[in-house]
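Taking it in order: structure first as structure tokens, then the write-up.
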Amino acid sequence: MNNLIDIMQMSTDELQELIDRAMDIIADPSKYAEACHGKKLATLFFEPSTRTRLSFEAAMYELGGNVIGFSEAASSSAAKGESVADTARTVGCYADIIAMRHPKEGAPLVASRKAGVPVINAGDGGHNHPTQTLADLLTIYREKGTFENLTVGLCGDLKFGRTVHSLICAMSRYPGVRFVLISPEELKVPRYLITDILEPANIPYEEVTSLEDAMPELDILYMTRVQRERFFNEADYLRLKDTYILTPEKLRSAKQSLSILHPLPRVNEISVAVDDDPRACYFKQVLNGKYMRMALILKLLEVNV
Ligand code: CP
């Protein structure tokens with residue numbers, strides 16, 4: 001594997017290898033402090049980001065490497081009309097590895113064909129976000145100790161939520177996983193996830209609208225933000241944005257063993273009063289993202305420690 005564009009490029013064995021590496025980094029970070037000495041990561045972010053960009057940068061610094069890049073399209077030559085392909089080919093002359101976020105689906109794939117160095121998809125439009133899924137998987141692994149026999153509820157904007165799409169694909173390969181897809185009618189998961197991923201593998205799933213009804217059966221609750229930037233119509237966004245707001249009251253019927261995840265940023269969909277609940281894992285998820293990105297950089301650069 002030279003690039004990470006789609007989480008399905010990685011087998012479950014390869015995912016476990018990354019998780020094991022991340023756990024080793026957590027146990028002994030000093031062992032990795034010079035692993036990428038002399039290497040450069042380029043972060044090419046054509047869309048806003050806090051966690052993904054900064055965790056990639058922190059990951060490379062903690063591996064002893066350096067970072068170059070930009071955090072908005074306006075400060076790159078994309079603003080003058082340069083193509084993604086030419087940008088990637090150019091940056092490949094300066095950096096050893098690239099992490100790219102772009103509003104257009106498929107842009108990191110195009111970049112990977114031209115860069116000449118490994119390219120990581122750091123989120124492409126409403127399509128995929130494989131490194132968020134790495135953070136999600138490490139969080140589930142650390143909380144549950146397994147990926148098997150879990151009922152996973154995904155709630156909110158399942159249509160545009162790229163993290164949801166990548167997580168469904170990744171989790172669909174573990175035995176005994178069941179999905180409860182909780183969304184308004186207008187924000188249901190794209191049909192390809194049902195027809196190409198869930199149904200061919202006979203994975204049990206339900207599409208429902210009530211979070212309260214689903215709550216008692218869930219082992220994982222993955223909340224998501226309604227993605228204002230993907231809506232064509234502001235009125236639709238305003239109508240749908242507060243459909244689901246997780247509160248301590250709504251958690252009364254949940255299992256004590258529930259793990260609450262959210263890729264963040266959050267807007268209103270999880271009340272801050274939930275943050276102190278021991279079941280809230282979303283800030284642990286943020287930190288897990290850095291460790292998994294460290295493990296991924298090591299793998300793609302073929303660094304042995
Ligand atoms: N989860 C995530 O992708 O967050 P950022 O948009 O802040 O990178």
Side-chain angles (χ1 to χ4, degrees), residues 4-7 18 22 41-62 67 69-76 97-105 107-108 111 119-140 142-143 152 154-171 220-231 237 241 246 259-270 272 274-275 280-297:
L4 180 61
I5 304 300
D6 184 321
I7 198 69
L18 277 195
L41 164 75
T43 51
L44 311 187
F45 277 61
F46 296 83
E47 255 194 354
S49 168
T50 296
R51 277 147 292 275
T52 311
R53 184 172 66 84
L54 296 181
S55 68
F56 263 117
E57 296 189 358
M60 194 50 157
Y61 285 124
E62 290 184 30
V67 179
F70 51 81
S71 58
E72 52 176 358
S75 64
S76 78
I97 185 166
I98 294 171
M100 174 184 282
R101 170 169 292 187
H102 202 286
K104 285 202 180 131
E105 302 183 358
V119 172
I120 300 167
N121 178 1
D124 60 332
H127 188 215
N128 281 324
H129 194 346
T131 67
Q132 179 62 47
T133 302
L134 297 181
D136 303 341
L137 292 177
L138 181 58
T139 306
I140 293 169
R142 295 182 81 183
E143 296 301 314
V152 181
L154 299 117
C155 178
D157 183 351
L158 308 189
K159 179 178 181 182
F160 297 115
R162 56 194 174 195
T163 66
V164 166
H165 307 158
S166 295
L167 185 60
I168 290 174
C169 290
M171 289 293 290
I220 307 282
L221 172 58
Y222 194 91
M223 293 297 294
T224 63
R225 172 178 68 94
V226 175
Q227 311 249 320
R228 180 179 211 148
E229 64 274 31
R230 312 270 177 236
F231 275 77
Y237 167 73
K241 73 183 175 70
L246 185 64
S259 298
I260 305 163
L261 277 68
H262 189 310
L264 304 180
R266 113 179 102 180
V267 185
N268 280 333
E269 59 280 0
I270 300 182
V272 291
V274 174
D275 294 1
C281 298
Y282 28 94
F283 287 103
K284 294 182 193 173
Q285 222 174 326
V286 170
L287 184 57
N288 287 332
K290 182 185 71 172
Y291 295 126
M292 284 301 264
R293 290 179 177 111
M294 289 172 80
L296 179 64
I297 290 168

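Every value quoted in this text rests on a predicted model; they were computed, and no experiment measured them. For ligands, and for the atoms within them, numbers begin at 1 and follow the listed sequence.
Under a 4.0 Å criterion applied to the non-hydrogen atoms of T52, ligand 1 contributes the atoms 2 (C), 3 (O), 4 (O), 5 (P), 8 (O). Residue-ligand proximity, T50 to ligand 1, at heavy-atom distances under 4.0 Å covers atoms 5 (P), 7 (O), 8 (O). With ligand atoms numbered from 1 in the order given, ligand 1 contributes 1 (N), 2 (C) to contacts under 4.0 Å with heavy atoms of Q132. If you number the atoms of ligand 1 from 1 as listed, the ones under 4.0 Å from a heavy atom of L264 come out as 1 (N), 2 (C), 4 (O).
Of the N or O atoms in R53, none lie within a sub-3.5 Å distance of an N or O in ligand 1.
The closest approach between a heavy atom of R101 and any atom of ligand 1 is below 4.0 Å.
Looking at R293 and M60, their side chains never come closer than 4.5 Å, going by heavy atoms from C-beta outward.
Judged by distance alone, the side chains of H129 and R101 do bring a donor and an acceptor atom under 3.5 Å apart. A donor and an acceptor atom, one from each side chain of S166 and N128, are located under 3.5 Å apart.
Annotation: atom 4 (O) of ligand 1 to nearest protein heavy atom, R51 NE, 3.1 Å.
In this structure, CD in Q132 is found 7.5 Å from CG in L264, a value given to the nearest 0.5 Å.
The aromatic rings of H102 and F46 sit tilted relative to each other, their planes meeting at an angle between 30° and 60°.
Taking each heavy atom of L41 and F56 in turn, the nearest pair found is CD2-O, 3.4 Å.
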